[in-house]
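Reviewing the structure listed below.
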Amino acid sequence: MIDLHSHTDESDGTSTPAELIAEAKRVGLSALAITDHDTMRGYELAVPFAKEAKLELICGIELSTRLGGSSVHLLGYFPCQAPQGDFRDWLRFLLESRRDRNRRLIDRLRSLGVDITLEEVEKRGRSLTGRPHFARVLVEKGYASDIQHAFDEFLDESAKGYVQRHEVPIEEAIQRLVDAGGVASLAHPVRVAKNDWTKLTQYVGRMAEMGMKAIEVYHSDHSPENVAFYLSLAEKCGLTPTGGSDFHGGNKPNIQLGTGQRGNLRVPDSILSALKKTAGCC
Ligand code: AMP
Ligand code: ZN
Ligand code: FE
Ligand code: FE
C-alpha cells in the first residue's frame, strides 16, 4: 500500500516531516509522496528520516492553478529526481507573490477597522502563511466566532476583505513541471467543474493536450462511482492513475494516512511503478 498525497507542517498539515514518516511506517506504507503546497521543504527535511526508516519517499508538490476562471489543484511528482534550479526559483517567486497578497490583505483588513499585523499571522503560518492563518487570528481576537465565520465575513472570495492572489495559469504550471522532469497529475478531480462530468471530461482532455500525464483517481473524497468514472477517463485520455489520502494531520482529522476516510482508500504499489514509467525513470 502506498500514499501519493500528503502534507506536512511546512504547508497546511500538522505533522512534522519526521512525524509523517513515523506515521507512514506505523500504518504500513511501502512508499509515500509528500505533496506540500508550493514548497519542497517538508520533503527535504523528511529525506533522512525516510532513509533511516527504509521507506521509499517520493518528491512531490501541490500547486493552485487557474483554469477557465476557477481554481484547479495540480499535483507534481518527481519520482526519478527532485527538481533543481529554475523550478526552485519559480517556487520562491510563488512564495513571494503569496507574501505580497498577505500584505495587501492586512491593509484591507486594517482599513475595515480590524487590528491585525503581518507578524501575527506569519507567526502561525511561517513561510506558507495563508487565509486559514488569518482566520485563526480573527477568531482569537474576537472578530469572528469561528474559522468559517471568519471566512464568510472577511476572507471568502465573496467577502468584504477579499484580495486576489496571483494564481498560475494551468498551462504554465504543467509546462514548469514537465520542464523540471516531473509528472503533472490532476488533484482530486471531484472538486473540478462542480462535478459536472461532461465539463470535467473536456477540461481533462485540454489538460492532457497541455502535457498533463496523470490523474488522481483514488482520493479520500472519491466515492466508488467517482473512482470508476475517473479510471475510465484516465484510460480514454491516456493518463496514468495516481492516488493518495490528502492527509493534513489534525487540520483534517477524519482523514487517515494511507486509508483515507473510514478506510475508503487503498492505493496499490503498482500505481507507483506505473508513475515511474510515465516519468521515464525505469
Ligand atoms: P490561500 O491559499 O491563502 O488563499 O488559502 C486557501 C485556503 O483557505 C484553502 O485551501 C482552504 O483551506 C481555505 N478556504 C478558502 N475559502 C474558504 C472558505 N470559504 N471557507 C473555509 N475555508 C476556506
Ligand atoms: Zn492542503
Ligand atoms: Fe488540494
Ligand atoms: Fe492536498
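We're numbering straight along the sequence, starting at 1. Whatever order the structure lists them in is the order used to number ligands and atoms, beginning at 1.
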Using the Fe ion (ligand 4) as the vertex, how large is the angle between NE2 of His7 and NE2 of His5, rounded to 10 degrees?
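Seen from the Fe ion (ligand 4), NE2 and NE2 are separated by roughly 100°.
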| Are any of the side-chain heavy atoms of Leu4 and Thr35 separated by less than 4.5 Å? |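 In short, these two side chains do not touch, never coming nearer than 4.5 Å.
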Close side-chain approach of Leu91 to Pro83, heavy-atom, < 4.5 Å: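 A side-chain contact is absent here, since even the closest heavy-atom pair is not under 4.5 Å.
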Rounded to the nearest 10°, what angle sits at the Zn ion (ligand 2) between NE2 of His37 and OD1 of Asp12?
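With the Zn ion (ligand 2) as the vertex, the angle is close to 90°.
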For the Fe ion (ligand 3), decide whether Glu62 has an N, O or S atom at a distance under 2.8 Å.
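Checking the Fe ion (ligand 3) against Glu62, an N, O or S atom does fall under 2.8 Å.
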query = Does any N, O or S atom in His73 come within less than 2.8 Å of the Fe ion (ligand 3)?
reply =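 An N, O or S atom of His73 is closer than 2.8 Å to the Fe ion (ligand 3), so yes.
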With a 4.0 Å cut-off, would you call Arg165 and Glu157 a salt bridge?
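Salt bridge: no.
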**Request:** Inspect the contact between Glu119 and Lys123 and indicate whether a charged nitrogen and a carboxylate oxygen are less than 4.0 angstrom apart.
**Result:**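 Glu119 and Lys123: not salt-bridged.
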* Ring centroid separation Tyr230 to His222 under 6.0 Å ->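 Aromatic pair counts; centres sit under 6.0 Å.
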> In Asp246, which N, O or S atom comes closest to the Fe ion (ligand 4)?
Replying inline: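 This turns out to be OD1.
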